[in-house]
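Residue numbers begin at 1 in each chain, while the letters A, B, ... track the order of the sequences. All figures in this text were calculated on a predicted structure; none of them were measured in a lab.
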4 protein chains.
Amino acid sequence: MAEARQQRGVHAERAILDATGELLAERGVHELTVERVAARAGVAKTTIYRRWRGKRELALAVLLDTIETADAVPGDLGDTRAELISFVGATVRVLGSTLMGRVMQGLVSDLAADPKLARAFRKRLVGVRMAELAQVIERGIERGDLRPDADRELAHELLFGPVYYRLLLSGSAFDDGLAERVVDSVLPSIARTRR
Amino acid sequence: MAEARQQRGVHAERAILDATGELLAERGVHELTVERVAARAGVAKTTIYRRWRGKRELALAVLLDTIETADAVPGDLGDTRAELISFVGATVRVLGSTLMGRVMQGLVSDLAADPKLARAFRKRLVGVRMAELAQVIERGIERGDLRPDADRELAHELLFGPVYYRLLLSGSAFDDGLAERVVDSVLPSIARTRR
Amino acid sequence: MAEARQQRGVHAERAILDATGELLAERGVHELTVERVAARAGVAKTTIYRRWRGKRELALAVLLDTIETADAVPGDLGDTRAELISFVGATVRVLGSTLMGRVMQGLVSDLAADPKLARAFRKRLVGVRMAELAQVIERGIERGDLRPDADRELAHELLFGPVYYRLLLSGSAFDDGLAERVVDSVLPSIARTRR
Amino acid sequence: MAEARQQRGVHAERAILDATGELLAERGVHELTVERVAARAGVAKTTIYRRWRGKRELALAVLLDTIETADAVPGDLGDTRAELISFVGATVRVLGSTLMGRVMQGLVSDLAADPKLARAFRKRLVGVRMAELAQVIERGIERGDLRPDADRELAHELLFGPVYYRLLLSGSAFDDGLAERVVDSVLPSIARTRR
DNA sequence: GACTAAGCGAGACGGTACGTCGCGTCTTAAA
DNA sequence: TTTAAGACGCGACGTACCGTCTCGCTTAGTC
């Protein structure tokens, strides 16, 4: 029963998410309106509000939808530096794509204004990244590449902070070497070394 | 006459900025409305729009006003590490204060939507920080503490990225050792070393 | 078969009418919603729409249900004036009860907007009253109390108009002598008289 | 100052009332929506809500506007019966016009639901009619046509009740002789007579 | 005693209108 | 000429019910 009911729902949901994605790509979060989404999706506003609390949750849904689909932890590459570069590089690539970059930019301010949204964002994005990084670091420690007492959270902030700083504040464009340079700057502080 | 006119203007301007500051402190950017500012400042909306393009510019004005007053480059402390910690620490302290932290959070999304605003923000905030850091680095190089080819921009991003990452994305609270830990993590990559 | 099925139906119908009656008594027609009726009756909206065209028909059904049960033509009292007073008084009493008064008030506007509803209303309420009055008048004529050419329709309007005028327009409360005063004012014009 | 401000306002107000009148004439109260009025008047919804509490008040405004303009107490015609017929006839004519008839029909139910509206309606319509009738009756008494103890309120209800009964309940069309017949039926009960 | 078709509960859906908020513009009178 | 005051057009918000529409479940009576 629940499934059958959900059936209809799934169609509407798909249409809504797709429409939202298109509108986000075209104009960004701040021109995203529930009304436009409804119109484009051929759906009633009510149907949107039945599932999400507003355009912010909707945008977050699309963001998570995309990121969870697109992203993957790097497998074991045998080389910690390479794994870290691949890991940071994946985020650089996603945020460099117009859509996700824009959505992130548009969503950030809402995080501070809506605790529920922030909670979801942190659990499903920040937290997941942190856990993934922890795996990479674990492997690095096992390999003897990294110091056993490397601070996972700090490492996470050091690796991603600069990327988001560009996206959100300095406005510098991403370049191909970015991930590599960041990793190389941070690595010495967590690498097992005779320094 | 011109002076007398400006006089009036100056009064109004002060009242507006003060009212804006208060409202920002009380409720954050997203509940800042031009109407409320006008009411609190005892000023007509027109008078506000005559000087700023909207609430975003207004918030930015307050932000710059505060930061330019409060902040100072550390002078020569004789120790590059100490200077860097002091430099990053100053930003941590400012952003940790409710007001500026909130304003930054609320303003970030607008930067992406309003190029004019972004330009001002980058010129008067990001740019200034970068130049200040460059001085510190220069002194460090002269002292022989830092490598002569240290990447100023990257250093800037590495030092501030993590701080803003906490503020804007991860939501982790600032703690007292933050500046020190970040500096110590980044320093190896720019320090003059025999590695 | 049909009966058993109808059995279920009868239960649902009873539950719906009862719920409607309760809601009407509590809040009046304009706060009557099909959704609330369905909820209170423990019935699906569909089940309601299967039997009535909307909340207006539903309200009318309750109104007729109540009135047809409660009301009775006065029998032969031997005195035309007494019969008329009893006749008008019955309506005053019914409309004076919160429920029916409210329903009438709330329904009137819908009559003008929904011809089908108006038709039903007139056939089963106005028409019935008129026929009943005609009987009373007939008896009055036979007794020699009334003029043989008394205008039945006009009499009907003269007797009930003032009552509904209070209910719907002037807002004056009903009082016990109302029926009597109205009858006494109208009687001279239809009484057999040597004037 | 206030006047100059009102100037703009007056334009908008006129446009709104006109648009409302048109829409009422075309479709009746129950299809009157604030949104349509705004669209037709070339005015923002807000501007309407700034002046009236909703479509009901708007409709009432138009009704009063029209009635207060159109209606006039009959002057002294020298003949009480003629004055009464003229008085009732004026109402029959106004209500017989599509517009006002429809508005009255559509408004009645709202009176019961909105005490503020009812108050305005009664003060500016019912009350005024009653006062006007009182004058006519006064003159009639002075002339010796009417009994000095004629009940003004009852007379009012007897004269107008039947008219509204037709409009709101029985649905019978108005005919030319209506006012005359009603007056002749009620007159005996208030006329100075040897009955 | 299982089958089947109607009626039913549940509730999602497209839709219309609501009444509200804040925007940025515009108009006017007073200073 | 600048200001305070505030009305205005506008666009979007989130909500309430409408009446329609599936969708299994329930429940007789029929086979």
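- Qualifying side chain to side chain contact (heavy atoms under 4.5 Å, CB included) partners for A:A44, counting only residues two or more places apart in sequence or in other chains: A:T46, A:T47.
- Rounded to an integer number of Å, the gap from CZ of D:R14 to P of F:dC8 is 15 Å.
- Shown for residues 103-114 of chain B: no residue has heavy atoms falling under 4.0 angstrom of DNA chain F.
- Here the C1' atom of nucleotide F:dT15 and the CZ atom of A:R51 are 18 Å apart, to the nearest Å.
- To the nearest 0.5 Å, the span separating CG on A:L64 from NZ on A:K123 amounts to 11.0 Å.
- We find the CE-OG distance between D:M104 and C:S109 to be 8.5 Å, quoted to the nearest 0.5 Å.
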Walk along nucleotides 17-23 of chain E from 5' to 3' and tag each nucleotide B, S or - by protein heavy-atom contact under 4.0 Å, base first, then sugar-phosphate. BBBBBBB
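- Partners of B:T20 according to the side-chain hydrogen bond (donor to acceptor under 3.5 Å, both in side chains) rule, which considers only residues two or more places apart in sequence or in another chain, do not exist here.
- Whole-Å rounding puts the D:I16 CD1 to F:dA7 P distance at 13 Å.
- Nearest-nucleotide positions on DNA chain E for A:A44 and C:A44 put C:A44 closer to the 5' end.
- Going from atom CD of B:E13 over to atom P of F:dA4 covers 13 Å, rounded to whole Å.
- Contacts of A:D110 classified as side-chain hydrogen bond (donor to acceptor under 3.5 Å, both in side chains), with partners at least two apart in sequence or in another chain: none.
- For C:R53, the side-chain hydrogen bond (donor to acceptor under 3.5 Å, both in side chains) partners are C:E57, C:D114, not counting sequence neighbours.
- The separation between A:H11 atom NE2 and F:dC23 atom C1' is 14 Å, rounded to whole Å.
- Note that the CG atom of D:L168 and the CG atom of C:L107 stand 12.0 Å from one another [nearest 0.5 Å].
- Applying the salt bridge (Lys or Arg N to Asp or Glu O under 4.0 Å) rule to pairs touching residues 37-49 of chain B yields B:E22-B:R40, B:E26-B:R40, B:E35-B:K45, sequence neighbours excluded.
- Contacts of residues 18-26 of chain B with DNA chain E (heavy atom under 4.0 Å): none.
- Among B:D65, B:V29, B:L111, B:L117, the single residue meeting the side-chain contact (heavy atoms from CB on, under 4.5 Å) criterion with B:L60 is B:L117.
- Straight-line distance from the CD1 atom of B:I48 to the C1' atom of F:dT2: 15 Å, rounded to whole Å.
- As rounded to whole Å, 15 Å separates atom P of F:dA12 from atom CG of A:L58.
- In this view, C:D18 and C:R14 satisfy the side-chain hydrogen bond (donor to acceptor under 3.5 Å, both in side chains) rule, not counting sequence neighbours.
- Between D:H30 atom NE2 and E:dT16 atom P the separation is 16 Å, expressed in whole Å.
- Residues passing the side chain to side chain contact (heavy atoms under 4.5 Å, CB included) test with C:A61 are C:L17, C:W52, sequence neighbours excluded.
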